[in-house]
Amino acid sequence: METIIGIDLGTTNSLCAVFKDGKPILIPNNQGEFLTPSAVGLVDEKVIVGKSAKDLKVTQPENASVCFKRYMGTDTEQEIAGKKFNSPELSAIVLKTLKEDAEKFLGHEVKDAVITVPAYFNDHQRKATKLAGSIAGLNVKRIINEPTAAALVYGFHDQDADKKLMIIDLGGGTFDVTIMEIFEGSLEITSTAGESFLGGEDFTFRMAAWVLQQVGKNLEMVEFRQPELMVRLIKLCEEAKRKLVTETEVSISIPDEKGNLTDQKVSMTYDQFKEITSELMQRLEKPVIRALRDSESLPDEIDEIILVGGATRMSLVSDYIKKLFKKDPCCQHDPDQVVALGAAVQAALIKDDVAVEDMVMTDVCPFTLGMQIVKTFGRQNHEGYFLPVIHRNTVIPVSREETVFTMHDNQQKLTVEVYQGESRKVKDNIKLGELAIEDLPPAPEGQPINVRFSYDMNGILEVELHIPKNGKKYRTVLTNHVKNLSEEEIQSAVKKLQGLKFYPRDQQANRDIVVFAESIVGEVNAFERESLEQTIDAFEHAMSSGEQEIFEAAKQELLMRLSSLGHPYKKNTEGLNE
Ligand code: ADP
Ligand code: MG
């Protein structure tokens, strides 16, 4: 059977793993690193991916894109060097790179993958992720929830355990909470809750907004008119946020409109950080409480709290957990790596690998799925009510049927509007799509129509209508207003991706150094800046000279210069404990 790779396609970082010789292992990228920043850039009309694209975002914001996973399942497009890309296309570029890393590592072609998504990703977002996989030339065998993947690793390494775990996953842009029971190798997810627009980046953004406020600048103005200032400030706030894990006060420099550092500084204490992000912390609480309630668990019944995702390193999060559960969270496996490793365990389950033959896993549907109905009270019809068909935290795969009735004699048309959410009225839920029929058989008012919802292991919904009177069936993958999985659309996106030139991979490591050094230019004083620029020029020249000795000398010179300026070039260290 073909190799199936496991991919954690994150908002900030992506990783790839494979199940080999009885265990999941990570696959390094072309830099020898496991974490590949989810960033795409264009240099000389060529695509760069990962660390160098992330650095490019700081020096030339218009030539790179980051955090595009936030727009998965929407029609929002990002512009990079004047070219437009949607979120699946940018994600496909990252996936293609990971696929190539895996092929190099394994020494053969890879076609199949398991891709993880935040548990709270809705139907649109899941389909968009699947589409990204198809564009990248991957056959997506399964989409699994990120906390479920993390749970699989804990379950895999602790198959004899009998305990209840809570997994708290706060990444760059999403938040998920999952409760799971392990018993004799069987892993049962009992509840999942979360928010798909809450992550570590929101904390950084709040910091940046506060800093601008302190110096009398208007956030909207800066965002639109001075993107260089904004991205540099975000980078500085990101560093400051990490320092606040161990320090009680940080100082943040204010960049000028070109993004260069000035002498002006604003300091922020941990308590101030806590205060300006209190609204975000309140939003974190709700899913934790809901997950506990849905699995009918009390905080003291949770044996272990597992932290996943880089943003759980913030003291705010660990302090909150300690307060609520009265115990320290556990991080037996690296919070950055565990999701990708879990995707590889899932791949092993799909392949029936002997190492996982005693493992059984059940997952749940994280939200309620239903449809719009009309309610009648006081002899009047009221539209806009939500009828749940599949309740949240139902074990998947699941298929449920509800019957609706026509409202008029000889009614010919019927539209089933499908929603996801927990509110009584559909206007407060998310519309997933609709299924319309126009040829109902003639019958008096009250003709029954069966509506079946099937939610599969990938978390993808299918709706089927059945008319008992004539036996006709209508089935749909919902008519989304987002890009759907139509064959033509995939093909045109594949062509677009093939039409892009990628930066030669063997040269990318050198390019990364240049981009990093350029990102430092704005952070040093005028005198140091000039000499740094000269050293970069010399290195760039040496890169194209073809003379190995000259090149090595210029490289060493640049690396030493960067170190002496207090900004040593490290390969991607994002997310590692600093
Ligand atoms: P994703 O899965 O969404 O790609 P990650 O799990 O890689 O995200 O987490 C990225 C987030 O974690 C970012 O918002 C980053 O700022 C935050 N983060 C990483 N390391 C730290 C740290 N040491 N302290 C605080 N936040 C951190
Ligand atoms: Mg993640």
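Atoms within a ligand are numbered from 1 in the order they appear, just like the ligands themselves.
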Could you check which of [options] puts a non-hydrogen atom nearest to [atom]?
| atom | options | value |
| --- | --- | --- |
| atom 18 (N) of ligand 1 | Gly10, Gly310, Ala340 | Gly310 |
| atom 4 (O) of ligand 1 | Thr12, Leu244, Thr116 | Thr12 |
| atom 26 (N) of ligand 1 | Lys241, Gln337, Arg313 | Lys241 |
| atom 8 (O) of ligand 1 | Ala240, Gly172, Pro37 | Gly172 |
| atom 12 (O) of ligand 1 | Ala311, Gly200, Ser315 | Ala311 |

At a non-hydrogen distance cut-off of under 4.0 Å, which region of Asn13 contacts ligand 1 (side chain, backbone, both, or neither)?
-> both
Within reach of ligand 1, part of Glu238 (heavy-atom separation under 4.0 Å) | side chain
Relative to Phe85, does Lys496 satisfy both conditions: NZ or CZ under 6.0 angstrom from the six-membered ring centre, and within 45 degrees of the ring's axis?
-> yes
Quick one: is the NZ or CZ of Lys96 closer than 6.0 Å to the six-membered ring centre of Phe502, and within 45° of its axis?
-> yes
Which atoms from ligand 1 have a heavy atom of [X] less than 4.0 Å away?
| X | answer |
| --- | --- |
| Gly309 | 6 (O) |
| Val245 | 24 (N) |
| Glu201 | 13 (C), 14 (O), 16 (O) |
| Thr11 | 1 (P), 3 (O), 4 (O) |

Is a side-chain donor or acceptor of [X] paired with a backbone partner of [Y] at a separation under 3.5 angstrom?
| X | Y | answer |
| --- | --- | --- |
| Ser65 | Val40 | no |
| Tyr154 | His333 | yes |
| Ser14 | Ser38 | no |

Between [Y] and [X], is the closest basic N to carboxylate O distance under 4.0 Å?
| X | Y | value |
| --- | --- | --- |
| Lys127 | Asp123 | yes |
| Arg206 | Glu279 | yes |
| Glu238 | Lys241 | yes |

